[in-house]
There are 2 protein chains.
Amino acid sequence: MKPSLSPSVDLSAQIAANIRDAIVSGALIVDERLPSEAELALQFEVSRATVREALKRLAAQSLIRTQRGATGGAFVNRISFQAAQAQQITTSTLLLSMNDVSFETACEARYALERACAPLSARRRSQSHIDVMRAEIARQSQQDLSDEAFCASDVAFHRALVDGACNPVLSYQLAGAVEAMQPLMNMITFTARSRDAIIALHVAITDAVEAQDGAAIGTGLTDLEAETQSLAHRVFAQRSGQPA
Amino acid sequence: MKPSLSPSVDLSAQIAANIRDAIVSGALIVDERLPSEAELALQFEVSRATVREALKRLAAQSLIRTQRGATGGAFVNRISFQAAQAQQITTSTLLLSMNDVSFETACEARYALERACAPLSARRRSQSHIDVMRAEIARQSQQDLSDEAFCASDVAFHRALVDGACNPVLSYQLAGAVEAMQPLMNMITFTARSRDAIIALHVAITDAVEAQDGAAIGTGLTDLEAETQSLAHRVFAQRSGQPA
DNA sequence: AAACTTTAAATGTCTGACATTAGTTTTTCA
DNA sequence: TGAAAAACTAATGTCAGACATTTAAAGTTT
C-alpha cells in the first residue's frame, strides 16, 4: 500500500500525502478503516508519533475521522457539503484578507457568480426561499441594527437567493464567495440612506425571484453591485482623504 | 492569548481551533511567529506532542509554515491563490465523488458558473488566453488522443476561458468547479463524432472570446452544456441498459 | 576582514509509558 | 436460564524525556 519515503524531508507530510492519494484515487473507500496507528508505524517504519501527526493533517481536511475504543481507528470520512463549505469559507476569507484583494475585485467576482444562479433560482425557488429573503429584508429595515448585523443579514439574504437554485454544488461553490466578502463589507459604514437603497434593491430582487423572472433578478443584482461598488468607493475615498 | 481548554475532548483540535481563530480574526498577522512548541505547551498546559499535532493540523490547511533552526518556528502563512486552489480542488473532487452528486447537477453548476465569467472574459481577455484556447483545440483534434487526455485538455481550455476574466478571485472559485468535474468526465467515452461536436463549439466560443462578444460566449457555453449533458445521458443510459 | 568554529535554539523524530474509551467476552447470581 | 456486572482487549489520546538535525548568530583564529 505505501512504502518508500525519502528520508529527512518531513515524514509526516509524506505519509499524509501517501494516504491522501489513496483516498483521492479511490484505493481507500468511504468508511473503510485504515490500519491502526501501530500498524501504520510498522508499515512506514516510523514512530507512532509521526504517524499520528500525519493522521491529524488528514483529519484537519476532513479526510478521515477517528474513533476510540476496541473497534476504533481512523476511517475514511464521507466529506459533507457542510464541512466542505466551512473549510472553503475559512480559506476564501483568509485568501481575501491576506492578499490585498481589492474590494472591487472581490465584489465583481461575487456578483458575477451570483448572477450565474439567477436563471436557476428563478425556475426552482420554493416559497421557503422567498420567506427567508423577506425575513432578512425585514431585519435589515430595523433602525437600530448595527452595521455588522446588517452585513450578516445581507449574507443570509444572498445565500437564500443562491440556495433557490436548488443545486447543492452551486450553493457550496458560492458559499465561499459570499461569506468571504463579509469581512470586507464590515469595513463599510452604512448610512441610513445607503441602507435604504440596498433594501429597495433587495425587495426588487425578491419580487423578481417570486415572479420567476430570471432576467429581472440579474438586473437587480447588477444594480446592487453598482450600488455596493459606489458606496465602497465613497467610503474608502473619504477615509483616505480624511484620515482619523 | 489562549487559555481554558475543556479536558477530555481532543486537546489538539481545541488548540488548533484556538490558534486558527486567532489567525482568522487577525490577532495573529501574516509572517508573525507563533511561540515555540515548548512555550505553547506551557501556555496550554499540555505536552509538546499535543501541541505538535495541533500545529500539523494548521499546516495541513496552509495556515502556518514551519522553519527549523535557531530562528525557526511556526509562522502565520500568507495563503497563496495557488495553495488555496489546490486545496479547493481536492475538496471539491472528493465532495463530488463521495456524495453521489449526479453528473447533471455538477455539470449544471459548472456551466452556470462559467457563463458568469463570459461578460468579463469578453471584455478583458488578452491574446495569450486566446492562444491557449486555440492550442488546446488543436490538441483535442488529434486523432489518437486518449479520452483522459481529451478531458485534461478540455479542462485547460475552460480554465483559460475563466482566466480571461482577469479576476483572480473568480479564477480561484472556478478552479474547483472545473477541475472537480474531470473525474466525472473521465467516466465518459468520447466517440469521434462527439469530439467533433465539442471541438466545433470550442471553436465557436473561442471566436466569440476573440470578438469580445459576451453574449455569444454565453450561447456557446449553453450549447456546450446541452451537448455534454446529452452525451453523458446517452453513455449512462447505454451502460445501465447493456451492462458489461 | 574573512574564514572557520562553536554555541544555542528551534523543529523533527523516537521510545516507552500510562490514561481513556468502547466493544467483547466472561462471570456472577437471582 | 438469563440478564446484569465484571473483566478483558484493542484502539486512540496524552505525557515525559531523550536524541537528531537544522540554522542563525556569536565567537575565534588567521
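Because the structure is predicted, anything quoted here is derived from the model rather than measured.
- Counting to the nearest Å, the P atom of D/dA18 and the CD atom of B/E37 are 18 Å from each other.
- A salt bridge between A/D131 and A/R125 is absent, with no side-chain N of the basic residue lying under 4.0 Å from a carboxylate O of the acidic one.
- Here C/dA10 presents its C1' atom at 12 Å from CG of B/L40, a figure rounded to the nearest Å.
- One atom, CZ of B/F75, and another, C1' of C/dT11, lie 11 Å apart when rounded to the nearest Å.
- Taking the six-membered ring where tryptophan is involved, the planes of B/F190 and B/F150 are tilted, since the angle between them lies from 30° to 60°.
- A/Q182 and A/N186 share no donor-acceptor pair across their side chains, judged by distance under 3.5 Å alone.
- Closest contact between the side chain of A/L11 and the listed nucleotides D/dC15, D/dT12, C/dT13 involves C/dT13.
- Salt bridge absent: A/D144 and A/R139 never bring a charged side-chain N and a carboxylate O closer than 4.0 Å.
- Taking the charged nitrogens against the carboxylate oxygens, B/E108 and A/R124 do have a contact shorter than 4.0 Å, which makes a salt bridge.
- One can place CD of B/E45 at 15 Å from P of D/dT14, the figure rounded to the nearest angstrom.
- Contact check on A/E179 versus A/R159 returns a salt bridge, with a Lys/Arg side-chain nitrogen under 4.0 Å from an Asp/Glu carboxylate oxygen.
- Using modelled atom types, one finds no donor on one side chain facing an acceptor on the other under 3.5 Å when comparing A/T91 with B/Q61.
- Two residues, B/G72 and A/V9, neighbour DNA chain C, and the one matched to the more 5' nucleotide by heavy-atom proximity is B/G72.
- Checked by atom type, the side-chain pair A/T93/A/T90 shows no donor-acceptor distance below 3.5 Å.
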Which letter, B, S or -, goes with each nucleotide of nucleotides 17-22 of chain C from 5' to 3', with contact meaning a protein heavy atom under 4.0 Å?
-> B--BBB
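- Put simply, CG on B/D10 is 11 Å from C1' on D/dT14, counting in whole angstrom units.
- Distance CG (B/L42) to P (C/dA10): 12 Å, rounded to an integer number of Å.
- If you check residues 55-67 of chain B against DNA chain D, you find no residue with a heavy atom closer than 4.0 Å.
- Using a 4.0 Å cut-off between charged nitrogen and carboxylate oxygen, B/R57 and B/E53 do not count as a salt-bridge pair.
- For A/S36 and D/dA10, the shortest distance from a side-chain N or O to OP1 or OP2 is not below 4.0 Å.
- For C/dG12, the OP1/OP2 oxygens have a side-chain nitrogen or oxygen of B/R52 closer than 4.0 Å.
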